[in-house]
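Hydrogens, waters and symmetry mates are skipped; everything else that's a heavy atom, side chains included, is used. The structure presented is a predicted model; accordingly, all values stated were derived computationally and were not measured.
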Amino acid sequence: RRIVEYRERLGGYVDVLQLAEIEGLPDSVRNWFLVTDTFPIRRISVNDASLSELRRHPYMDFYKARDIVEYRKRNGKIKNPAQLSLFDEFSGQDIGRLSPYLCFD
């Protein structure tokens with residue numbers, strides 16, 4: 001149940017190592033799973049999503065979501081993940097983890 005719930009919050013799994021992010025799940029569980037591209041990743045529209053919609057994603061906190069919304073208000077659309085590196089709240093690791101879940105249309 002927790003694996004499915006976390007998959008729903010994420011928008012899908014892109015790597016079996018994401019199972020380690022589920023609290024209380026033994027590492028040995030990863031041996032029983034394989035991540036394939038048969039389950040499509042649900043993406044968040046960076047340029048249309050509200051603050052609360054952005055915050056729902058497990059890799060996004062209030063400060064990251066706020067930076068995105070504020071940037072859009074001041075400067076317009078965000079064109080690609082590289083632009084997120086301009087924000088203090090986003091590390092390279094954050095951008096790497098979030099990139100599969102974001103669209104910039």
Point-to-point distance, once rounded to the nearest 0.5 Å, from OH of Y6 to CD of E23: 11.0 Å
Euclidean distance, L19 CG relative to N31 CG, rounded to 0.5 Å: 10.5 Å
Any donor-acceptor N/O pair, N80 side chain to Q83 backbone, under 3.5 Å: yes
Test log, rule side chain to side chain contact (heavy atoms under 4.5 Å, CB included), inputs I22 and V29: CA-CA 11 Å; I22 301 171; V29 168; over 6 Å; no
Side-chain donor or acceptor of Q18 paired with backbone N/O of V14 under 3.5 Å: yes
Reported CD-to-CG distance for the pair E21 and L10, which is rounded to 0.5 angstrom: 6.5 Å
Inter-residue atom distance Y101.OH - I41.CD1, 0.5 Å rounding: 5.0 Å
Spacing of CZ belonging to R42 relative to CZ belonging to R7, to within rounding of 0.5 Å: 9.5 Å
Contact check, side chains of I44 and E53, non-hydrogen atoms, under 4.5 Å: no
Main-chain N/O of L102 paired with R43 side-chain donor or acceptor, under 3.5 Å: yes
Quiz item: cation-pi between R97 and Y59, 6.0 Å / 45°: yes
Test item: R55 side-chain N/O and R66 main-chain N/O as donor-acceptor pair under 3.5 Å: no
CA sep, side-chain torsions, deciding dist, call: Y13, F33, side chain to side chain contact (heavy atoms under 4.5 Å, CB included): CA-CA 11 Å; Y13 291 107; F33 288 89; over 6 Å; no
Pairwise side-chain contact, F104 with K79, heavy-atom cut-off 4.5 Å (strictly under): no
Worked check of salt bridge (Lys or Arg N to Asp or Glu O under 4.0 Å) between D94 and K64: CA-CA 10 Å; D94 293 332; K64 289 176 180 68; 3.6 Å; yes
Min side-chain heavy-atom separation I95-S85 under 4.5 Å: yes
Exceeds 12 heavy-atom contacts within 6.0 angstrom, atom CD of E5: yes
Check against side chain to side chain contact (heavy atoms under 4.5 Å, CB included), E70 and F87: CA-CA 11 Å; E70 290 299 317; F87 305 162; over 6 Å; no
Heavy-atom donor-acceptor pair, R72 side chain to D67 backbone, under 3.5 Å: no
Sub-4.5 Å side-chain heavy-atom contact between I78 and L84: yes
Enclosure of N75 CG (heavy-atom neighbours >12, cutoff 6.0 Å): yes
Shared hydrophobic cluster for I68 and L86 (ILVMFWY, side-chain gaps under 4.5 Å): yes
